[in-house]
Every structure is written in structure tokens, then in C-alpha cells.
Peer 1: 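Questions regarding the structure given below will be posed in turn.
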Amino acid sequence: MPQQFLAQGEQLQVPAIDFAAVLPILIVFGAASIGVLLEAFLPKHQRWSSQIALSLTGIVGAGIALAAYISDAPEGGITTFMAQGATTGAIAVDTPALFLWGTLLALGLASLLMIGDRSLEPGGAFISQAGLQSGGLQTREQANVTGMQTEIFPLTLFALGGMMTFVAANDLLTMFIALEVLSLPLYLMAGLARRRRLLSQEAAVKYFLLGAFASAFFLYGVALLYGYAGSVKLAEIAAATAGSSASDTLLYAGIGLVVVGLLFKGSVGPFHTWTPDVYQGAPTPVTGFMAACTKVAAFGGMLRVLTVAFEPASWEWEVPLWLIAVISMAIGAIFGLTQRDLKRMIAYSSIAHAGFLVVGAMTLTEDGLSSTLFYLLAYGFTTIAVFGVISLVRDANGEATDLSSWAGLAKRSPLVAGVFTFLLLALAGIPLTSGFIGKFAVFSAALADGNAALVVIALVASAVAAFFYLRVVVLMYFSEPAAEGPAVTVPGAFTTAAITLGTAATLVLGIVPAFALNWASAGGFVP
Amino acid sequence: MIASSWLLVAFPALGALILLAGGRRTDAWGHLLGCATVLASFAYGVALFFASDGKPTDTTLYSWMPVADLQVDLGLRIDALSLVFVLLITGVGSLIHIYAIGYMSDDTDRRRFFGYFNLFVTAMLILVLGDNFVSLYLGWEGVGLASYLLIGWYQWKPSAATAAKKAFIMNRVGDVGLALAIFLMWKHIGSVSYTEVFAGIGDVDSGVILAIGLLLLLGACGKSGQFPLQAWLPDAMEGPTPVSALIHAATMVTAGVYLIARANPIYNATPNAQLAVVIIGAFTLLLGAIIGCAYDDIKKVLAYSTVSQIGYMMLAVGLGPIGYALGIMHLLTHGFFKAGLFLGAGSVMHGMNDEVDMRKFGGLWRTMPITFVTFGIGYLALIGFPFSAGYFSKDAIIAAAFAQEETWRAWVFGGAAVLGAGLTAFYMTRLMLMTFFGKRRWTELKSEDGRDFHPHESPPVMTIPMMILAIGSAGAGAFFVFNGQLAEWLAPSLGALQEAEHGVVPHSAVPFIVVGISALGVLLAWLIFGRREIAVERQPVGAVVRAARSDLYGNALNEAVFARPGTWLSRALVYVDNKGVDGFVNGLAALLGGSSGRLRRLQTGFVRSYALSMLVGSFLLVGLLLMVRFA
């Protein structure tokens with residue numbers, strides 16, 4: 001009974017909403033909700049095709065709505081979901097938000113294609129009944145039964161909608177809710193692998209427990225900041241920092257805890273510990289989705305919070321974040337050296353990349369913002385394609401992710417090895433790939449901001465990380481293939497499209513990055 | 001017409017692409033395509049020749065390297081000079097391509113051979129058609145690559161592999177010179193296009209012009225096999241004979257002469273560099289001729305003959321406006337007769353189980369009449385028999401050498417050129433006598449693989465190109481000098497050919513002197529080799545011949561001056577690299593790998609320790625924040 005909280009005679013105030021601006025989010029959430037209904041009312045054999053059609057339509061429709069809005073978006077951006085009498089709304093639609101929405105929708109589309117693929121594994125990469133106890137005979141049997149848990153599609157859409165809300169959230173409470181909306185589906189999705197059920201469920205539980213832990217940090221931080229500023233709005237926190245009489249301890253502890261929550265989602269060391277286990281255990285299409293989209297969302301949110309809310313306190317958080325970036329780069333680069341499993345290796349690579357992204361995120365200049373946005377776009381495409389390729393190399397037990405089974409792959413499948421080599425070079429940041437442009441932009445922005453020491457460390461970390469990427473290349477090209485090694489499955493249209501999209505974007509952004517860089521630097525956050 | 005001149009390059013480039021990328025699928029018709037592309041270029045070149053007035057027309061294809069102030073366009077220059085080269089390269093090139101169909105018919109990789117051949121022609125066309133020095137450099141390097149691939153064609157033979165490497169590396173030395181010259185132009189003139197460089201050369205310090213001139217000369221020496229970089233050219237005979245013909249007549253070695261002729265505004269501005277060109281030319285022409293007298297290997301003799309003849313061309317272009325057109329004319333006539341001679345030598349080898357030792361030949365004129373006649377015409381042209389091609393082109397150079405203003409130069413260089421003509425007549429007569437006349441020494445011998453020799457005439461696909469070249473060898477010279485039409489045609493590119501003043505020797509006397517000296521050479525050769533039996537085994541020889549057979553120690557010189565210090569330097573660097581750099585890097589790698597191995601135990605797999613790690617991280621972050629604030 002909401003009326004109870006209203007004073008006598010007062011009416012419930014409806015916030016002002018600019019529907020055109022948030023239409024992409026609404027379409028994604030709408031499609032997700034319809035997807036749930038489809039699950040309830042359609043017979044099992046019709047679900048996959050109708051869910052696929054619905055989800056793709058939803059994402060493409062959201063993309064069209066986004067493009068339509070961008071074509072005459074107001075200069076400088078707007079905020080919407082504005083309560084009466086308030087000066088700022090709960091959702092900010094500005095250039096970074098629009099850029100990140102576009103990025104998320106494109107990456108979401110590629111992920112969805114991989115999630116919907118049924119050519120590599122009969123029935124798809126997901127179990128048909130997630131509820132069965134793992135390890136039992138039934139589970140083993142149903143690994144070979146066709147059909148999959150088609151809830152994965154609405155879950156993906158909910159997560160995607162949450163991410164889009166997250167990067168546009170203009171107050172910490174909206175941000176928290178978006179964080180949960182994006183996280184909860186991911187926990188479930190991680191546990192749906194068709195094979196290696198135990199590993200998958202372990203990943204889901206670990207992710208959930210640690211995610212809840214991190215959410216608690218975030219929420220506690222929000223509470224402390226509210227105590228300090230009297231508001232959860234990002235702009236008002238910034239204003240309060242400039243002239244509040246409340247204890248600074250609240251502010252700094254609050255900043256620290258909120259940032260911890262964000263760093264967790266971005267898998268930045270030392271909050272990265274879940275990453276290798278979850279990346280390895282989750283079904284590969286979901287890993288790709290998490291690695292690309294979650295990272296974009298987490299850093300998109302971090303960019304906004306650091307720039308809009310915490311900018312006045314930047315002098316204080318600069319040193320701790322500097323250290324965090326170094327730790328993350330070091331952990332990613334050093335731990336990656338001795339990994340034997342390809343998915344774990346890419347997980348550590350993503351931790352190293354998270355370190356590079358922190359370097360960009362803490363550079364609060366225009367170049368810092370645009371280069372970090374570009375980096376996210378470039379990294380997302382490359383990563384999705386990487387996981388797409390990983391899902392192709394299979395043996396009798398499903399994907400063969402152990403490094404040794406990739407030996408001599410180039411002799412058996414030169415095309416796959418060639419594409420994978422190109423993607424690894426992009427991760428290493430070799431010129432003519434988007435990875436190089438991204439690193440170059442981020443590092444030069446940081447250098448211009450006076451962070452030379454950090455850039456040097458980042459370059460050293462890149463060099464160390466390049467070693468383990470190149471080791472895979474050497475393994476593929478210069479080793480003899482194992483006698484009973486895995487076979488490269490010829491992918492169906494969906495996975496082919498996803499890999500092609502990711503690889504082509506990596507190449508195009510590496511050769512003609514100007515259009516994306518220009519868009520990323522077209523404007524800043526709305527205050 | 002001129003705007004689509006890129007087609008000249010595109011035809012053979014397309015051929016090379018199809019043949020090399022198409023693989024075995026193109027085996028059946030690859031050789032035909034290879035010939036067709038070059039013929040198409042030739043046809044287009046002829047059409048262009050008649051459409052053009054010889055004045056330079058630059059067509060920019062696209063912006064190649066737009067980097068800040070450095071704007072390099074990929075452009076083509078169609079003018080008298082480049083068109084003449086286009087006709088030589090594609091015309092003589094076509095004949096050699098056709099000949100190679102027969103010559104390479106037994107090779108299972110003939111299709112790949114034609115791919116490389118087309119690549120060679122493509123690169124050479126880029127070299128002569130570029131409208132700036134960087135485009136020229138592109139072709140320059142392409143020629144180097146193609147020659148490497150073709151010289152090392154019989155790659156299973158260590159000698160061929162070595163020869164290919166030698167050609168490539170010695171060309172590199174010259175390439176460095178060319179590259180440095182281009183850098184200097186860019187630094188001092190701010191452009192690398194012919195138009196701007198030649199227009200701006202006058203404002204440059206004379207020392208810089210001299211440096212550019214000498215560096216360009218170094219590049220030219222590398223490509224054209226001039227002293228001190230001549231040693232690769234004879235070794236390049238390890239490739240199949242059509243390759244030798246292509247390198248010596250139509251592509252590659254002519255590049256150096258082209259470069260100096262093309263850069264004539266630069267050389268006109270620096271007499272000292274011109275003198276250097278003349279000295280190199282005169283020295284090399286004697287060197288080549290002397291060594292040519294001593295070899296028994298028919299292809300080596302011809303190779304040193306090329307070294308010597310290119311020396312004449314260098315001498316000519318070094319003389320300045322009185323010589324540019326003469327050098328180009330000799331280059332063209334030489335293109336005809338040397339291609340003919342090489343194809344003839346190839347024909348002889350084809351019939352003689354690939355034997356190259358002239359001591360095992362003899363009396364072949366009866367068994368290979370067409371080869372003998374065409375080869376003979378080439379021979380007459382080369383020694384400058386009156387009214388043959390060489391008579392007009394070589395005598396003109398000698399006359400110009402005698403006509404230099406400074407008396408000592410006229411005597412020294414004119415004398416060297418005349419002496420060279422005598423030596424040429426000697427060694428070529430020796431070659432003719434040993435190969436086609438005298439006793440049939442091969443009847444009692446077996447080839448290296450144990451077969452008997454059954455010399456026979458080559459198939460028409462080989463002899464017809466030889467005949468066409470023979471016609472050129474006989475008549476090209478007269479055609480070119482008729483009304484001075486070649487010099488006139490070339491004037492837009494090279495400036496008008498200045499009439500040489502009457503020098504130390506009267507102009508009209510020069511032909512008589514040259515023919516007289518040449519006749520002396522022929523006579524001497526006949527006295528030594530024509531009247532006496534030629535022993536199949538090598539005979540003990542005197543010091544001079546020994547020196548000549550060691551290439552006048554050219555290899556030893558290179559070894560001492562370049563190779564050995566280079567080896568020492570690289571050994572020293574390897575030592576530093578192994579002990580210092582590698583030690584550091586390996587140590588670092590071991591440190592990182594070791595710490596990775598130890599640290600990964602932190603990743604226990606227990607959620608509780610993960611949560612602990614997060615907690616520690618949070619304490620760290622919040623603690624630091626508070627510390628920064630309140631410290």
C-alpha cells in the first residue's frame with residue numbers, strides 16, 4: 001500500500017520519462033518479459049525457434065531505436081526518469097551512455113548468436129534440465145539428449161537490459177538495482193553447461209556467493225555516501241564533496257566500498273578471484289557474454305561514477321586506484337604464464353586487460369573517456385570471437401580447452417588457427433588490430449594526464465602478457481599435432497556469424513578506427 | 001591512353017599473381033599465360049610508343065605514403081626514356097619467355113618459373129615507370145627478390161643456393177646506397193618525385209649533390225654488376241639460361257644504367273660524381289674483358305662480357321650530355337645481341353646435356369646450324385663488326401670517350417675503351433672457335449651424368465626467338481643511328497645529344513682504330529685457339545690467367561673489405577646478445593615464470609579464500625583512501 005507512505009492529501013508523483021531516449025532499454029526488457037511468457041505457454045519443441053526469433057528481434061529493434069534516437073539526440077545529453085521538482089533524473093542518456101548501449105547491443109547480438117547455436121553440440125551448449133543433481137546417471141544421459149533450457153534467452157536479455165541501465169544509471173540506487181538485474185541472470189546462466197555439470201554448477205555458486213558479497217560492499221558504500229551527502233544522486237554527491245561539513249571518513253569509505261563493487265564486476269585484481277573459475281566452468285557462449293558485456297557494463301558504470309560523482313575527490317582515490325591497476329595488470333600477466341587451460345588463460349588475460357582499463361578509467365580527461373570507451377568496444381568484439389573459436393575445437397567430451405590439445409592445430413585447420421592467431425595478436429596489442437589502437441589510445445591519454453610511471457608498468461605488463469598469447473600461436477603452428485587430438489567442428493551459421501563479426505570488427509577497428517574514436521569523443525557525461 | 005599506363009605493369013603482375021597463387025591448378029596452361037601477359041604489355045607498350053610524343057607525362061595512381069610532410073604517390077612517368085625501356089623489357093622479355101617454354105619443358109615446376117618470370121618483368125616495369133625515387137626503389141627491390149628466386153631455381157644445388165644468396169646480399173649493399181641517396185633527397189629537397197628533385201637540385205649544396213651522386217652510383221653498381229660489386233653477376237649463371245638472358249639483356253643489369261640516365265640532372269650538376277661513374281665504367285669494362293678471356297665456361301664468359309659491356313654503358317652515361325643517349329643506345333643493342341647470345345648458349349647446352357665447359361665442345365656448327373648462325377650474328381654484333389648493331393653503338397661511345405675536354409681523360413678512358421674492344425674480340429672469337437669450330441671433342445667424352453653427347457638442334461619454340469634477336473642484332477644499330485632518330489627521340493628525357501667536339505683522335509678515325517684493334521683480337525684468338533688442338537683437360541697456366549680465373553680476386557676483395565669485418569662485428573654482437581641480453585631476458589622470464597608457478601597456489605579454488613582476498617583488497621582500498629586523506 002504505497003499510499004501509507006504519502007502524507008494526507010498528497011498524490012503519488014509520476015516521474016517525467018523521455019520514452020524515446022530509453023526506448024532501447026524498454027524494448028530489451030519487453031522482449032525479455034515476453035520470452036518468459038513464451039516459456040510458460042509454448043510447447044517445448046517450439047520454444048527454441050520462437051525464443052531465438054524474439055531475442056534477435058528485440059536486440060535488433062533496440063538497435064534501430066537507438067540509431068533513430070542518436071540521429072537527432074539533443075546536444076550534451078539529457079537525464080530522464082526525473083522526479084517532480086528534481087533537477088536530474090535517474091537515467092542519463094548522453095554520448096557515453098549511447099556509445100555503451102550501442103556497444104552492448106552489438107556484443108549482445110554476437111553473444112546471443114553463440115548462445116543460440118545448435119550446430120556445435122546437438123541441442124546447444126546448455127543442459128535441457130538444469131534442476132537435476134549433477135554426477136547422476138540422469139545428468140550424464142541428458143547430456144546427450146537434444147533440447148536445451150531455453151530460459152537462457154530471456155535471462156540473456158534481462159542481463160543485457162540490466163547492463164544498459166547500469167551504464168546509464170545517474171544515481172547509486174538505480175545503479176544498484178541495475179547491478180542486481182544484470183548479475184542474477186548471469187549467476188544462473190553460468191550453471192547451465194550441458195557437459196562438465198559439476199564444474200559449471202561450482203562456477204555458478206562461486207559467482208553467486210562472491211557476487212552477493214560484492215553487492216553487499218556496494219550497497220554499504222551507497223549507504224555511507226548517502227550518510228555523507230544526503231543523496232544518492234551522482235551529481236549531488238559531487239556537489240556535497242565540494243562543500244559538506246559531514247565527516248570525510250564517510251565519503252572516502254563510501255567511495256572505496258562502491259568502487260570495490262564495481263571492480264568486482266570488472267574482474268579487476270585483487271577482486272578477480274572468481275574470474276578464472278567462472279570463465280572455465282560456465283558454458284563457453286556465456287563466458288563470452290560475461291567477458292565482453294559484463295566488462296563493458298562494469299567499466300561503463302565505473303567511468304560514470306568516477307567522473308560524475310567522485311571527480312572532486314580524485315586526488316584521494318588516485319593513489320589507491322593506481323595501485324589496484326598495477327596489481328591487476330601484474331596478476332593477469334604473471335598468472336597467465338602458467339595456465340594450462342585456454343579459458344583460464346583468457347580469464348587471466350581479461351584481468352590484465354581490466355588493469356589497462358582502470359588506467360583509462362582513472363584518466364579523467366576527454367581523451368581518457370573516449371579511449372576507454374573505444375577500448376571496451378574493441379576488447380569486447382575480440383573476446384567474443386576468441387570464445388567463439390574456443391567453442392569450435394572439440395573432442396569426445398565437448399570442448400577441448402586444454403592447451404596441449406591445441407598443438408599443431410594449424411596443420412589440421414589453418415583457417416581456424418589463422419583467425420585465432422589474429423585474435424590473440426589483437427589481445428596482445430599488435431598493430432593492425434583494434435587491440436593496438438585501444439592500448440595506444442588509453443596509454444597516450446594516461447601519459448598526457450601525467451601518469452608516465454603507470455604507462456611504463458602497463459607496457460611491461462603487456463609485454464609479459466604477449467608471451468602467453470604467442471605461446472599459443474607457437475603451439476598451434478610449430479608443434480606436432482597430438483595423435484588423438486581434438487577435431488575442429490565446422491560451425492553453423494550462428495557461430496560463424498558471431499566469429500566473423502568479432503574478427504571483422506577487430507580488423508576494421510584496427511585499420512580505420514577513426515569513426516569509432518570520433519563517436520566516442522563526441523561528448524562527455526551529462527552533469 | 002597514357003592515363004591507363006598502369007596496365008603495362010598490371011598484366012604481368014596479374015600473371016604472377018595467378019600463377020603463384022593458383023598453384024598446381026594452373027600447371028597445364030601457366031606457361032602460356034606467362035607469355036601472354038608479357039606480350040600484352042609489349043603490345044600496349046608499342047601502342048603507347050606511337051601515341052606518346054616522348055615528353056614526360058606523370059600519372060598519379062594513388063597516394064602511397066601520406067605521412068606528414070612526406071607525400072609519396074604511386075605514380076607512373078611515361079616519357080621517351082621509360083618507353084624505350086618498356087619496349088626493351090617487354091619485347092626482349094617476351095622472346096625470352098617464349099624460348100623458356102621450350103627450355104623449361106622438362107621442369108615439373110615450369111608454371112612457378114613463369115610466375116617468377118612475370119614477377120621479374122613486373123618489378124622491372126615498376127622500376128622504369130615510377131615517377132619518383134621511392135617507386136623506383138620498390139621496383140629495385142622487387143627485381144632483387146625475383147632474381148634471388150630465379151638464380152636459386154635449382155635450389156637443391158648448393159652452388160645455386162649460394163649464388164642466389166650472393167646476388168641478393170651484394171645487391172643489398174647497393175640498395176643501401178640508393179636508400180641513403182633517397183633519404184638525402186628527402187632531407188635536402190623535401191621531395192622524392194623526379195620532377196621536384198630535378199627542379200630543386202640546383203639549390204642544394206654541392207657536397208650533398210656529390211654525395212647523392214656517389215650513393216646512386218653505389219646502387220647502380222650493385223644492380224648492374226659494376227666494380228666492386230660485380231662478383232654476383234657471373235655466379236648468377238647458376239640459374240636456368242633464360243634467367244641469365246633476362247637478367248643480362250632485358251632486366252636487372254640495365255637498371256643501374258637506367259638510374260644514372262634517369263638522374264641525369266643530378267649528375268649534370270656534379271662533375272666529380274660523373275668522373276666517378278666514368279672511372280667505374282672504364283675500370284669495369286677492362287676487368288670484365290680480361291676475366292672473360294680466361295674462362296672455359298661458356299656462360300661465365302658471356303657473363304663477364306656483360307660486366308664489360310655494362311662498363312661501356314656506364315662510361316657513356318658518365319660522360320654527361322655527350323653520352324647519355326649513346327649509353328642507352330648501346331644498352332638497347334646489347335639487349336638484342338646479348339639475349340641472342342645467351343639463348344644460343346642455352347640452345348647449345350640444351351643439346352649438350354647441360355654441359356657448359358667449352359673444352360668439351362667443338363665443331364658444333366654442323367649439328368646445330370641455326371644456333372650457329374644466330375649466335376654468330378650476335379657474336380659479330382658484340383665485337384663490333386662493321387655495320388652490325390655493336391659497331392654503331394660501341395664505336396659511338398669510344399668516340400665520345402676520346403672527345404672529352406681534358407686531354408688526360410680522353411686518352412685514358414678512350415684508350416681503355418679501345419683496349420676493351422680488342423679484348424672483347426679476342427675472348428668472343430675464342431668462344432666461337434672453341435664451341436663451333438675445330439675438332440668434335442665431345443665424341444669421346446661423356447657428360448657428368450654418364451650419358452653420351454648427342455648434340456641436336458633445338459625445337460622451333462627456342463630457335464625462333466633466337467632468329468628474331470639475330471635480326472635485331474644485325475640491324476638495330478643502323479636503325480637507331482639513322483638520322484640520329486634514337487637520340488632525338490630520347491631528347492625530352494635526357495636532353496639533346498651534344499655533338500662531341502673533335503677530341504684527341506679525329507672522329508672519322510675512331511671506327512678504323514676500333515675495327516683494327518678488334519681485328520687484331522680476332523687474329524690473335526685464331527692464332528692461339530684456331531690453329532692448335534684444344535686440350536680437353538685444363539693446362540697449367542701463367543700468373544695472369546690464374547688471376548683472371550680467380551675473377552681478378554674480386555671475391556677476395558669483397559671478402560676482406562666487407563665480409564670479414566662484418567663477420568667479426570656480428571660475432572661480437574652475438575656474444576653480447578648471448579651473454580648479456582639473453583641472460584637478462586632469460587633471467588627475467590625465469591623469475592616471472594617461477595613467481596607465476598608459486599603464486600598460482602593462491603588460486604585455491606575455495607570460495608572462502610577468494611572472499612578473503614576480496615576482503616583484503618577492500619581493506620587495502622578503503623585504508624589507502626583514508627590514509628591518503630588523513631595522513
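In the text below, chain A, chain B and the rest are named by the order of the sequence lines, each starting its count at 1.
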Peer 1: Hey, what do you get for OG (B/Ser618) to OH (A/Tyr220), rounding to the nearest 0.5 Å?
Peer 2: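 Separation between the atoms: 12.5 Å.
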Peer 1: Please classify the contact between A/Trp274 and chain B as side chain, backbone, both or neither, with a heavy-atom cut-off of under 4.5 Å.
Peer 2: backbone
Peer 1: Heavy-atom distance under 4.5 Å to chain B: side chain of A/Phe264, backbone, both or neither?
Peer 2: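 Contact with chain B is through the side chain of A/Phe264 alone.
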Peer 1: Using non-hydrogen atoms and a 4.5 Å limit, figure out which bit of A/Val464 sits close to chain B: side chain, backbone, both or neither.
Peer 2: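 Just the side chain, heavy atoms under 4.5 Å.
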Peer 1: Restricting to side-chain hydrogen bond (donor to acceptor under 3.5 Å, both in side chains), what partner residues turn up for B/Glu196, sequence neighbours left out?
Peer 2: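 With sequence neighbours excluded, B/Glu196 shows a side-chain hydrogen bond (donor to acceptor under 3.5 Å, both in side chains) to B/Ser191, given in chain and number order.
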Peer 1: For B/Leu625 versus A/Tyr252, what's the shortest heavy-atom pair and its separation?
Peer 2: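 It is CD1-O, 3.3 Å.
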Peer 1: Can you tell me how far apart CZ (A/Phe271) and CG (B/Leu621) are? Round to the nearest 0.5 Å.
Peer 2: 5.5 Å
Peer 1: Go through the atoms of B/Leu620 and report whether side chain, backbone, both or neither lie under 4.5 Å from a heavy atom of chain A.
Peer 2: side chain
Peer 1: Give, as side chain, backbone, both or neither, the part of A/Ala214 having an atom under 4.5 angstrom from any heavy atom of chain B.
Peer 2: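 Contact with chain B: backbone and side chain both.
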Peer 1: Is it the backbone or the side chain of A/Leu337 that comes under 4.5 Å from a heavy atom of chain B, or both, or neither?
Peer 2: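 Both parts, backbone and side chain.
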Peer 1: Identify which of A/Glu318, A/Glu202, A/His272, A/Lys206 forms the greatest number of heavy-atom pairs closer than 4.5 Å to chain B.
Peer 2: A/Lys206
Peer 1: Closest heavy-atom contact between A/Pro270 and B/Gly617?
Peer 2: CG-CA, 3.8 Å
Peer 1: To the nearest 0.5 Å, what is the distance between CD1 on A/Ile334 and CZ on B/Arg598?
Peer 2: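 The CD1 atom of A/Ile334 sits 11.0 Å away from the CZ atom of B/Arg598.
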Peer 1: For the CZ atom on B/Phe168, are there more than 12 heavy atoms of other groups (residues, nucleotides or ligands in this structure) within a distance under 6.0 Å?
Peer 2: yes
Peer 1: Check whether A/Phe217 gets within reach of chain B through its side chain, its backbone, both or neither, counting any heavy atom under 4.5 Å.
Peer 2: side chain
Peer 1: Mind listing the closest non-hydrogen atom pair of A/Ala253 and B/Val622 along with its distance?
Peer 2: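 Shortest heavy-atom contact: CA-CG1, 3.9 Å.
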Peer 1: So which residues of residues 144-153 of chain B are in contact with chain A at a heavy-atom cut-off of under 4.5 Å?
Peer 2: none
Peer 1: With chain B, which of A/Leu263, A/Thr249, A/Leu257, A/Ile327 has the greatest number of heavy-atom pairs at distances under 4.5 Å?
Peer 2: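 Highest number of heavy-atom pairs under 4.5 Å: A/Thr249.
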Peer 1: Under 4.5 Å, counting heavy-atom pairs only, tell me which of A/Leu209, A/Ile331, A/Asp248 racks up the most with chain B.
Peer 2: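 Counting heavy-atom pairs under 4.5 Å, the top option is A/Asp248.
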Peer 1: Under 4.5 Å from any heavy atom of chain B, what part of A/Phe208 do you find: side chain, backbone, both or neither?
Peer 2: neither
Peer 1: Above 12 or not: heavy atoms from other molecules or residues under 6.0 Å from CH2 of A/Trp315?
Peer 2: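 Not buried by this count: 12 neighbours or fewer within 6.0 Å.
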Peer 1: Do you know which two heavy atoms are closest between B/Ser613 and A/Thr273, and how far apart they sit?
Peer 2: OG-CG2, 3.5 Å
Peer 1: Taking every non-hydrogen pair under 4.5 Å, which of B/Ala611, B/Ser595, B/Ser609 racks up the most with chain A?
Peer 2: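 Highest number of pairs under 4.5 Å: B/Ala611.
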Peer 1: Is it true that atom CZ of B/Arg25 has more than 12 heavy atoms of other residues, nucleotides or ligands lying nearer than 6.0 Å?
Peer 2: no
